[in-house]
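A short write-up of the structure that comes next.
Remember, predicted model here, so these are calculated numbers, not experimental data.
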Amino acid sequence: MQHVILIPDSFKGTLSSAEICSVLREEVLRRFPGCTVSCVPVADGGEGSVDCFLTALGGRRIPVSVCGPFGEPTEAFFGMLPDGKTAVVEMAACAGLPLAEGRLDPLRATTFGVGELFLAAAEHGASQIIVGLGGSATNDGGCGAAAACGVRFLNRDGMPFVPAGGTLAQIAHIDASGFSPVLRGVEFTAMCDIDNPLFGPNGAAAIFAPQKGASAAQVMLLDDGLRSLAEVISRELSCEVGALPGGGAAGGMGAGMSAFFGASLRSGIETVLDTVRFDRMLQTADWVITGEGRLDSQSLRGKVVIGVAQRAKAAGVPVIAVVGDAEDGLDGAYEAGVTAVFPINRRARDFHEIRHLSRSFLAQTAADILRLIAQAEQRRPESPEA
């Protein structure tokens with residue numbers, strides 16, 4: 001084996017994708033010392049997304065002081081990739097759940113700081129901004145971010161204000177004429193792995209606001225606000241976001257990214273694969289090793305393993321999925337291009353017991369896989385001499 005690509009998602013609650021890459025790389029080089037190992041840790045758009053891109057491609061993390069989820073000064077950051085033109089922003093850096101811990105309030109939480117990160121990235125020369133929509137404490141439909149970038153929101157009395165989740169229904173007019181010139185021409189891509197609409201029974205408030213601290217009554221208020229926002233956006237900006245798949249991501253930030261920033265909403269793994277030029281990497285790869293915490297029916301809807309497998313299948317490169325556990329009936333994964341699936345848990349045990357053993361379990365499983373590959377390569381017949 002001369003070249004292997006390691007491209008795992010994290011094992012939630014146990015190992016980050018970077019840690020998984022580290023373990024797998026160590027085992028590969030132990031068995032195949034001269035092998036080229038390409039590491040591409042993957043994040044889902046939430047916390048850690050910037051570091052994953054920087055680990056895979058290089059670049060630098062740039063610190064910025066912005067508004068936190070409740071307007072307080074917060075030290076955040078974005079990543080600038082080596083081309084000097086592509087920036088990666090994770091909204092969790094300034095509007096994430098950990099920053100609101102102990103004071104969750106989706107009626108007040110704002111994405112204003114996310115907009116400030118956009119401005120900082122553009123001022124550093126970014127002409128393309130990749131935005132991770134994940135782990136947010138907000139439910140403001142991206143209005144805070146838009147306000148930071150010069151969009152004005154006016155109430156029925158014509159007074160400007162910065163909307164939050166609890167005040168979306170007060171928006172009567174939207175004036176985008178003051179949109180920051182530094183962002184004009186910047187291409188936005190939002191990483192989004194859900195297809196929930198902006199409002200309704202499967203919308204941002206109904207599905208995600210309770211985990212952000214909303215009561216049942218507040219969920220209804222938030223949902224009404226998002227519905228009202230969609231109506232105003234349709235009327236004032238001629239943009240239809242109410243039924244947009246993924247519009248409900250990150251408290252409606254998906255819809256806001258589309259309406260206010262002209263962003264395309266794309267699968268997180270597809271965005272990663274294109275950005276790291278995965279198809280080019282595959283040209284010299286012998287194997288791909290990917291993985292995620294649990295391989296199940298949800299994985300078949302375009303999560304990391306399936307996204308990787310589909311690309312690798314087209315290039316004729318075999319794919320091994322190393323996972324925390326896997327459910328039955330994964331024919332769809334094999335059809336998508338997965339060659340084999342290896343759960344790392346050796347016997348049934350409670351998650352709280354095995355989570356501390358995941359690193360050693362992963363190493364043991366990787367060692368077994370690599371022994372198998374090495375044995376197969378040793379038994380491969382040599383090409384007959386001419």
Side-chain angles (χ1 to χ4, degrees), residues 1-9 17-18 20-43 49 51-59 79 81-86 88 128 130 187 189 191 264 266-292 295 299-300 302-323 332-342 366 369-384 386:
M1 184 164 66
Q2 297 182 342
H3 179 203
V4 61
I5 303 171
L6 309 179
I7 182 166
D9 198 353
S17 50
I20 294 169
C21 280
S22 176
V23 172
L24 294 175
R25 183 177 185 276
E26 183 177 339
E27 294 299 326
V28 168
L29 294 178
R30 179 176 289 121
R31 181 64 56 175
F32 298 93
C35 183
T36 297
V37 183
S38 299
C39 293
V40 185
V42 179
S49 297
D51 287 340
C52 283
F53 274 99
L54 295 181
T55 298
L57 294 171
L81 299 187
D83 64 4
K85 299 178 180 179
T86 305
V88 182
Q128 178 179 2
I130 298 170
E187 179 183 344
T189 300
M191 295 171 61
S264 58
R266 295 196 65 208
S267 151
I269 186 57
E270 293 299 326
T271 303
V272 169
L273 295 178
D274 286 345
T275 304
V276 303
R277 299 182 178 180
F278 185 65
D279 293 343
R280 179 181 295 182
M281 295 170 65
L282 285 169
Q283 293 175 6
T284 58
D286 299 305
W287 290 88
V288 173
I289 301 178
T290 183
E292 56 192 51
L295 191 63
S299 304
L300 304 181
K303 294 291 183 72
V304 170
V305 169
I306 301 304
V308 167
Q310 289 173 335
R311 296 281 189 104
K313 180 180 180 180
V317 180
V319 175
I320 293 173
V322 183
V323 300
Y334 299 121
E335 292 169 3
V338 175
T339 305
V341 177
F342 291 86
I369 292 169
L370 295 164
R371 286 190 191 97
L372 184 64
I373 293 173
Q375 183 67 19
E377 293 196 353
Q378 289 174 9
R379 294 176 62 84
R380 183 181 298 163
E382 296 182 2
S383 301

Is any side-chain heavy atom of Val338 closer than 4.5 Å to a side-chain heavy atom of Thr290?
no

Drop me the distance from Phe342's CZ to Leu372's CG, to the nearest 0.5 angstrom.
6.0 Å

Pairwise side-chain contact, Glu292 with Val42, heavy-atom cut-off 4.5 Å (strictly under):
no

How many angstroms lie between atom CG of Leu24 and atom CD1 of Ile369, to the nearest 0.5 angstrom?
8.0 Å

Contacts of Glu26 that satisfy side-chain hydrogen bond (donor to acceptor under 3.5 Å, both in side chains) - sequence neighbours left out
Arg30

Would you give the length of the straight line joining atom CG of Leu6 to atom CD of Glu27, rounded to the nearest 0.5 angstrom?
11.5 Å

Please identify which of these residues, Val37, Val4, Ile20, meets the side chain to side chain contact (heavy atoms under 4.5 Å, CB included) condition with Arg25.
Val37

Partners meeting salt bridge (charged side-chain N to carboxylate O under 4.0 Å, His left out) with Arg371 (sequence neighbours left out)
Asp368

Grab the two heavy atoms, one from Thr275 and one from Thr271, that are nearest each other, plus how far apart they are.
OG1-O, 2.7 Å

I need the full list of side chain to side chain donor-acceptor pair (under 3.5 Å) pairs touching residues 32-43, with sequence neighbours left out, sorted by first then second residue.
His3-Ser38

Would you find a donor on one side and an acceptor on the other, under 3.5 Å apart, between the side chain of Ser22 and the backbone of Ala18?
no

Closest contact, heavy atoms only, Val341 versus Tyr334:
CG2-OH, 3.8 Å

Quiz: residues 306-322 side-chain donor-acceptor pairs under 3.5 angstrom, not counting sequence neighbours:
| residue | atom | partner | partner atom | Å |
| --- | --- | --- | --- | --- |
| Arg311 | NE | Glu270 | OE1 | 3.4 |
| Arg311 | NH1 | Asp274 | OD1 | 3.4 |
| Arg311 | NH1 | Asp279 | OD1 | 3.3 |
| Arg311 | NH1 | Asp279 | OD2 | 3.4 |
| Arg311 | NH2 | Glu270 | OE1 | 2.7 |
| Arg311 | NH2 | Asp274 | OD1 | 2.8 |
| Lys313 | NZ | Glu335 | O | 2.6 |

Output yes when a side-chain donor or acceptor of Ser17 lies under 3.5 Å from a complementary backbone atom of Pro41, and no otherwise.
no

Go through the structure and list residues passing side chain to side chain contact (heavy atoms under 4.5 Å, CB included) with Val276, not counting sequence neighbours.
Val40, Ala56, Leu57, Val272, Phe278, Met281

Has the side chain of Ser264 got a donor or acceptor atom that lies under 3.5 Å from a matching backbone atom of Thr189?
no

Please find the pair of heavy atoms, one from Arg31 and one from Leu370, that lie closest to each other, and give the distance.
CG-O, 3.9 Å

Contacts of Thr86 that satisfy side-chain hydrogen bond (donor to acceptor under 3.5 Å, both in side chains) - sequence neighbours left out
Asp83

What is the minimum heavy-atom distance between Ala285 and Ile5, and which atoms define it?
CB-CD1, 3.7 Å

